[in-house]
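Order of listing sets the numbers, starting from 1, for every ligand and every atom in it. When a residue number appears, it is its place in the shown sequence, counting from 1. On a predicted model such as this, the values are computed, not experimentally measured, just so you know.
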Amino acid sequence: MTTPVGYKRRGLLIVLSSPSGAGKSTISRLILERDPQLSLSISVTTRTRRPSEVDGVHYHFVSQREFDRMRERGELLEWAEVHGNCYGTPRDPVEQALSEGRDVLFDIDWQGAEQIAAAMPDDLVSIFVLPPSGPELKNRLIRRAEDDEATIMRRLTNARGELTHYADYDYVVVNEELQTALAGVNAILMAERLRRRRLVGLENFVETIVEAL
Ligand code: GDP
Ligand code: ADP
Ligand code: 5GP
């Protein structure tokens, strides 16, 4: 990313994880709308499409056969089985975005976060989104009204295990008031973008300042 002052920055990988219904998709959507430096990694999944979802925008919806083919060919940066479906991150768009100096946002589960952390530890920033309470998590899953009852129950059962993984993340954001949670994620992004080790060519930049004194 070229900045007005003439040094560059390496692209960041930002992972948002949470139990289903905590609000990570809502947070991702709003952050992406306002941040042109950020692209969403669009996962492939074998899950059926929800009524509000658009193929190629929220996910690439694929058959199990197509998913297995991608996995076998090494086209996935990471993949995992979550709530009985397969999800994976296509490798090419991530590498393309990073090479163009853009940051990439991932809405993936803890297993995916672990795999990306192992592959690219220096570039990863991980954020765990917590719901404000157990009853509120239930309410949100029910209110979203996009999954059938058995799916909601399965996701609530899985939430217990998923919640234990907050401890492996760099940051934790409680999504009680949406605007406050958004401000938290934006603050993390801004601070991480300013980390000195991500800035390339800083030495030359400082030299030009010194020379012009
Ligand atoms: P949500 O929990 O309501 O966002 O439901 P989704 O169906 O969108 O996601 C289901 C689970 O799969 C979540 O735990 C996601 O974090 C996870 N997930 C989504 N995309 C990926 C991916 O590309 N890789 C992996 N490993 N997990 C993913
Ligand atoms: P996830 O992607 O983590 O499964 P969603 O983003 O789909 O969660 O959010 C689940 C439901 O909760 C959605 O109906 C969403 O509109 C709602 N929601 C998200 N954040 C908040 C919030 N801060 N307060 C109230 N409702 C919220
Ligand atoms: P949903 O089915 O509600 O869209 O997603 C369920 C879970 O799968 C969420 O926790 C979501 O973050 C996760 N998920 C979605 N795509 C991926 C992916 O590509 N990889 C991994 N590891 N998890 C994913």
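- Between S43 and ligand 3, at least one N/O pair is under 3.5 Å apart.
- Note: no N/O pair closer than 3.5 Å links D107 and ligand 2 by distance alone.
- Of all atoms in ligand 2, listed by their number and element, those nearer than 4.0 Å to a heavy atom of R143 are 26 (N).
- Residues Q115 and Q111 have side chains that never bring a donor and an acceptor to within less than 3.5 angstrom of each other.
- Taking every non-hydrogen atom of S25 and a distance limit under 4.0 Å, the qualifying atoms of ligand 2 come out as 1 (P), 2 (O), 6 (O).
- With rounding to the nearest 0.5 angstrom, the NE2 atom of H58 is 12.0 Å from the OG atom of S43.
- A salt bridge is defined here as a Lys NZ or Arg NE, NH1 or NH2 lying under 4.0 Å from an Asp or Glu carboxylate O, and D103 with R9 meets this definition.
- With L141, N139, T26 as candidates, the residue nearest to atom 16 (O) of ligand 2 on a non-hydrogen basis is T26.
- Contact annotation for S18 and ligand 2: only side-chain heavy atoms (C-beta onward) come within less than 4.0 Å of the ligand.
- Residue contacts with ligand 3 for E162 are absent, since no atom lies close enough (heavy atoms, distance under 4.0 Å).
- Near L178, meaning under 4.0 Å from any of its heavy atoms, are these atoms of ligand 2: 23 (N).
- Interatomic distance, NE2 of H83 versus CZ of R155, reported as 4.5 Å (0.5 Å rounding).
- Every atom of ligand 3 with a heavy atom of R47 under 4.0 Å away is listed here by number and element: 1 (P), 2 (O), 4 (O).
- Between Y87 and Y59, the distance separating the two ring centers is shorter than 6.0 angstrom.
- Judged as a salt bridge (charged side-chain N to carboxylate O under 4.0 Å, His left out), and not counting sequence neighbours, the contacts of E66 are R69.
- Close approach of ligand 2 to S20 (heavy-atom distance below 4.0 Å) involves ligand atoms 4 (O).
- When the heavy atoms of W79, W110, Y59 are ranked by distance to atom 15 (C) of ligand 3, first place goes to Y59.
- Atom CH2 in W110 sits 9.0 Å away from atom CD in E162 (nearest 0.5 Å).
- The side-chain contact (heavy atoms from CB on, under 4.5 Å) test applied to D35 returns Q37, L38, L189, R193, not counting sequence neighbours.
- An N or O contact shorter than 3.5 Å links G23 to ligand 2 by distance.
- Salt bridge present: R47 and E53 bring a charged side-chain N and a carboxylate O closer than 4.0 Å.
- Remark: distances from the non-hydrogen atoms of E146 to ligand 2 are all 4.0 Å or more.
- Taken from CZ in R140 to CD1 in I142, the straight-line distance is 13.0 Å, to the nearest 0.5 Å.
- Between R144 and ligand 3, no pair of N/O atoms sits closer than 3.5 Å.
- When heavy-atom distances to ligand 3 are checked against a 4.0 Å cut-off, R50 comes that close only through its side chain, counted from C-beta outward.
- Under a 4.0 Å heavy-atom criterion, Q111 is not in contact with ligand 3.
- By the criterion of a heavy-atom distance under 4.0 Å, the side chain of K24, and not its backbone, is placed next to ligand 3.
- Listed by atom number, the atoms of ligand 2 under 4.0 Å from E176 heavy atoms are 22 (C), 23 (N), 24 (N).
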(message) Run the salt bridge (charged side-chain N to carboxylate O under 4.0 Å, His left out) test on E136 and R143 for me, step by step, so that the C-alpha distance in whole Å, both residues' side-chain angles and the decisive distance to 0.1 Å come before the verdict.
(response) CA-CA 10 Å; E136 177 60 14; R143 232 187 295 137; 3.3 Å; yes
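- An N or O contact shorter than 3.5 Å links D109 to ligand 3 by distance.
- Inclusion of K24 in the set of residues having an N or O under 3.5 Å from an N or O of ligand 2 is warranted.
- The environment of E203 atom CD is sparse: at most 12 non-hydrogen atoms of other residues, nucleotides or ligands sit within 6.0 angstrom.
- A single hydrophobic cluster is not seen to contain both M120 and V200; linkage of ILVMFWY side chains at heavy-atom distances under 4.5 Å, directly or through other members, places them apart.
- Checked by distance only, ligand 3 and V44 stay at 3.5 Å or farther apart across all their nitrogen or oxygen atoms.
- For the residue pair N85 and E81, no side-chain donor N or O sits within less than 3.5 Å of a side-chain acceptor on the partner.
- Within a 6.0 Å radius of CZ in R160, no more than 12 heavy atoms belonging to other residues, nucleotides or ligands are found.
- Of the polar atoms of R155, at least one N or O is found under 3.5 Å from an N or O of ligand 3, judged by distance alone.
- Residue nearest to atom 18 (N) of ligand 2, selected from R50, R29, R140, R155: R140 (by heavy-atom distance).
- A heavy-atom separation below 4.0 Å is found between T89 and ligand 3.
- In E78, the part holding a heavy atom less than 4.0 Å from any atom of ligand 3 is the side chain.
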